[in-house]
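Single-structure report; data block below.
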Number of protein chains: 2
Amino acid sequence: MKLKEFASQLGLSPTTVSRALSGYPEVSEKTRKRVAEEAVRLGYRPNINAVRLVTGRAGAIGVIMGRTGEFHFAEFMSGMAERLDGEDIDILVSPTADRDATDEISLYNRLVTSGRVDAVIVHSPKPNDERIALLHGLGFPFLVHGRSETDVPHAWIDIDNESAIRRATSHLIDLGHRRIAMINGRHGRTFSLHRDKGYRDALQERGIPFDPRLVAHDHFTDELGFRYSRSFLEQSPRPTAFVAGSMMTALGIYRAVRSRGLVVGKDVSVIAHDDVFPYLTAENMVPSLSATRSSMRAAGARSADLVLQLLGGRPAEEIHELWTVELILRESTGPAPAEAQS
Amino acid sequence: MKLKEFASQLGLSPTTVSRALSGYPEVSEKTRKRVAEEAVRLGYRPNINAVRLVTGRAGAIGVIMGRTGEFHFAEFMSGMAERLDGEDIDILVSPTADRDATDEISLYNRLVTSGRVDAVIVHSPKPNDERIALLHGLGFPFLVHGRSETDVPHAWIDIDNESAIRRATSHLIDLGHRRIAMINGRHGRTFSLHRDKGYRDALQERGIPFDPRLVAHDHFTDELGFRYSRSFLEQSPRPTAFVAGSMMTALGIYRAVRSRGLVVGKDVSVIAHDDVFPYLTAENMVPSLSATRSSMRAAGARSADLVLQLLGGRPAEEIHELWTVELILRESTGPAPAEAQS
DNA sequence: AACATTTTTTAAAACGATTTGGTAGATTTC
DNA sequence: GAAATCTACCAAATCGTTTTAAAAAATGTT
């Protein structure tokens with residue numbers, strides 16, 4: 001059913017019907033109500049593409065999904081969806097070639113200039129991120145989930161990774177640990193750098209030398225968690241504690257520790273970062289996992305909210321949000337063992 | 001840059017330019033080439049919303065995401081993205097109210113009638129799924145990922161859950177197990193029913209009575225896996241084997257078994273269904289997990305492909321694809337223990 | 001060289017909404 | 001009671017493409 005047809009059935013002009021439905025003031029309450037009721041009854045719904053063309057708004061927020069199928073991603077999106085429910089704005093997920101950086105840039109370019117979306121969310125930025133430069137150059141609204149160090153003013157939301165990891169590491173030092181391994185995220189991403197900094201600062205504060213042989217950077221998978229921790233545990237003296245970037249990594253560490261006949265929480269302490277997944281909870285692991293915690297879903301919801309504000313006209317340089325991360329101590333952390341020779 | 005402007009810069013009419021770019025035959029090879037080159041050079045790109053309005057195509061496939069943030073989801077979408085890369089079709093993720101079934105139906109209705117997408121993919125259908133009835137009624141293209149028992153002809157892709165679980169259960173029986181517990185998916189979903197059937201048929205084939213106290217239906221989370229298996233293990237005689245619906249469930253079972261001082265693969269055998277996640281692999285669990293395996297990512301890629309075929313005019317009733325599931329035996333399955341009293 | 005045919009190009013009509021700039025008629029103001 | 005203001009509605013322009021129908025140019029045929 002088209003507007004014209006619908007309007008004539010009501011004995012009104014398309015103008016009035018359009019205004020009635022989009023809540024303009026210049027239409028009497030009586031007609032507005034009638035129009036609304038009839039729209040439901042007759043099932044009239046404006047053609048979204050016509051609306052988009054004429055208003056110039058796309059009614060969608062773009063997200064670019066890497067090929068690696070991050071498990072965080074679904075939670076983040078689910079949070080976005082939660083906030084966007086009822087807003088008549090959807091989430092457009094763009095396949096990424098993911099072959100190289102040039103491709104990714106041209107993908108952003110295409111996505112933005114084609115008018116498919118009103119704003120995009122940039123994930124896991126690097127300190128000097130090309131995507132941010134591009135989007136800023138195009139004058140396109142965007143929100144960065146994470147932080148970068150570029151000069152261009154832009155909206156961002158992030159968690160305080162540095163302080164979270166500093167506190168986690170400090171806590172382990174308080175417990176007497178001196179050889180603390182760190183399995184961090186991918187090289188070059190700002191969040192990894194921030195976590196590195198938190199880790200190193202905590203060590204330095206207490207005069208513990210930094211040992212590069214105790215640090216790894218990679219994707220968050222249980223297998224890599226297992227491999228790195230396994231190889232760290234082969235060192236002598238071996239680490240007595242681990243700081244891990246994700247729950248999956250922690251699963252790998254647990255396995256590695258067990259496979260060496262050691263006990264988590266006694267021989268080896270573990271703190272991991274927990275993005276709060278409904279299907280895998282730190283509390284229920286055995287032993288329960290001490291964690292730095294921040295809800296990915298909440299971040300997604302808030303991100304959607306901030307994008308809405310951005311589109312509503314709030315200046316980007318005003319939108320900076322840094323979330324504090326909880327440190328929750330459970331059974332996987334304990335005093336350093338008296339002696340720790342392998 | 002608009003078409004009109006771009007065309008006049010080339011000294012051509014909008015018509016010719018449009019045809020040249022969309023590969024119509026009625027334009028000389030020479031002009032076509034020139035147009036293509038200039039388009040790149042001057043950065044002309046058709047306004048997608050105008051194209052959509054006039055062609056009536058949305059250039060997007062819709063997916064409705066439940067609020068529960070299923071971890072399978074990201075993998076499936078990632079697979080879709082892989083296939084859709086380069087097709088200029090994106091994935092539209094719609095937030096779902098998820099409050100009740102009526103809401104979900106009206107959401108599908110809205111999504112479809114608003115012209116935002118060209119087709120939708122329906123996940124985890126029930127035997128008599130309202131969504132299928134609705135979409136069929138609207139004459140809208142859709143692909144069901146999973147199966148239903150409705151009369152309406154429709155396109156679907158599914159894995160052979162029944163046979164997979166029958167084989168898994170049979171194998172456990174071959175190993176001498178008699179009390180085999182089953183932690184299945186949510187009640188009412190066809191895939192759960194199929195798995196139930198496979199399980200029961202395997203038992204019946206070998207004259208083992210079905211015991212409802214050994215079966216659970218719920219979401220796939222490690223916590224629920226733990227709780228159900230824990231309570232099953234408290235029974236006397238206790239089960240000596242588990243068939244589980246997901247990797248997360250299996251993690252929970254492993255924990256429960258360990259927490260009872262039992263050993264997976266020796267005291268208790270476990271087979272789970274593995275959707276193949278890059279971040280959590282059955283092979284790397286300790287002990288490595290025997291699994292029925294089928295790649296969710298591959299399903300996503302193929303689904304996108306089938307939707308493309310559907311949109312290309314292939315009749316829906318012709319698109320039925322049933323994938324065989326591998327059964328991969330690893331260390332988590334072994335002969336039933338001689339005596340198994342708790 | 002004239003006509004028929006094919007190839008290339010174009011003007012103008014969609015597509016389905018929003019929005020600008022009005023116009024009647026009712027109400028208020030002086 | 002005329003002028004000014006307000007209220008409720010509407011006609012027509014607009015958004016940026018694709019596509020239909022037709023004209024112009026090029027080619028082939030006799």
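Computed over heavy atoms, backbone and side chain alike; hydrogens, waters and symmetry mates excluded. Sequence lines set the chain letters: A, B, ... in the order given, protein chains first and strands last, and positions in each chain run from 1.
Using cut-offs of 30° and 60° for the angle between ring planes, the B/Phe76 and B/His123 rings count as perpendicular.
Across the protein-nucleic acid pair, B/Glu5 atom CD and D/dT17 atom P stand 10 Å apart, rounded to whole Å. Rounded to a whole Å, the CG atom of A/Asn47 is 14 Å from the C1' atom of C/dA14. At whole-Å resolution of the value, CD in A/Glu26 and P in D/dA8 are 10 Å apart. The interatomic distance linking B/Arg57 (CZ) with C/dG16 (C1') rounds to 17 Å, in whole Å. Separating the CZ atom of A/Arg45 from the C1' atom of C/dG16 is a distance of 15 Å, rounded to the nearest angstrom. Remark: C1' of C/dT8 and NZ of B/Lys33 are 19 Å apart, rounded to the nearest angstrom. The nearest whole Å value for the distance from the NZ atom in B/Lys4 to the C1' atom in D/dT18 is 15 Å.
Between the side chain of B/Asp275 and the backbone N or O of B/His72, no donor-acceptor pair lies under 3.5 Å.
Comparing atom distances between the A/Val54 side chain and each of D/dC9, C/dG16, C/dA12 picks out C/dG16 as nearest. Distances were taken from every side-chain heavy atom of A/Tyr44 (C-beta onward) to each of D/dT17, C/dT9, C/dA17; the shortest belongs to C/dA17. Taking only side-chain atoms of B/Thr15, from C-beta outward, the nucleotide of D/dG16, C/dT10, C/dT20 with the closest atom is C/dT10. Among D/dT19, C/dG16, D/dT17, the nucleotide with an atom closest to any side-chain atom of B/Arg19 is D/dT19. Of the candidates C/dT10, C/dA17, D/dG16, D/dG16 carries the atom nearest the B/Lys2 side chain, counting heavy atoms from C-beta on. You'll find that the side chain of B/Leu3 is closest to D/dT17, out of C/dT8, D/dT17, D/dT19. Closest to the side chain of A/Ser18, from the set D/dC9, C/dT19, C/dT20, is C/dT19.
Checked for salt-bridge contact, B/Glu5 and B/Lys2 miss the test: no charged N lies under 4.0 Å from a carboxylate O. One finds a salt bridge joining B/Glu87 and B/Arg83 here, because a Lys/Arg side-chain nitrogen approaches an Asp/Glu carboxylate oxygen to under 4.0 Å.
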Could you check A/Val120 against A/Leu135 for side chain to side chain contact (heavy atoms under 4.5 Å, CB included), going step by step and ending with a plain yes or no?
CA-CA 9 Å; A/Val120 299; A/Leu135 292 166; 3.6 Å; yes
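OP1 or OP2 of D/dA8 has not a single side-chain nitrogen or oxygen of A/Thr31 nearer than 4.0 Å. Listed pair A/Ser28 / D/dT7 fails the phosphate criterion, with no side-chain N or O lying under 4.0 Å from OP1 or OP2. Regarding contacts with the backbone of C/dT10, a side-chain N or O of B/Ser13 is found under 4.0 angstrom from either OP1 or OP2. A/Tyr24 has no side-chain polar atom (N or O) that falls below the 4.0 Å cut-off from OP1 or OP2 of C/dT20. The side chain of B/Thr55 contributes no N or O atom lying less than 4.0 Å from OP1 or OP2 of D/dT18.
When each of B/Leu12 and B/Leu53 is assigned the nucleotide of DNA chain C bearing its nearest heavy atom, the one mapping closer to the 5' terminus is B/Leu12.
At a threshold of 4.0 angstrom between heavy atoms, the contacts of A/Gly11 are confined to the sugar-phosphate backbone, with no base atom among them. Using a 4.0 Å heavy-atom cutoff across all strands shown, A/Arg32 reaches no nucleic acid atom at all.
Of the candidates A/Asp129, A/Ile157, A/Ile159, A/Leu322, A/Arg147 forms a side chain to side chain contact (heavy atoms under 4.5 Å, CB included) with just one, namely A/Leu322.
For A/Ser18 and A/Thr15, the side-chain atoms include no donor-acceptor pair closer than 3.5 Å.
Legend: side-chain hydrogen bond (donor to acceptor under 3.5 Å, both in side chains) pairs involving residues 52-62 of chain B, not counting sequence neighbours, sorted by first then second residue: B/Asn49-B/Arg52.
Helix-axis bend for the helix from C/dA1-D/dT30 to C/dC30-D/dG1: the local axis fitted to the five terminal pairs at one end deviates from that at the other end by 40°, rounded to 10°.
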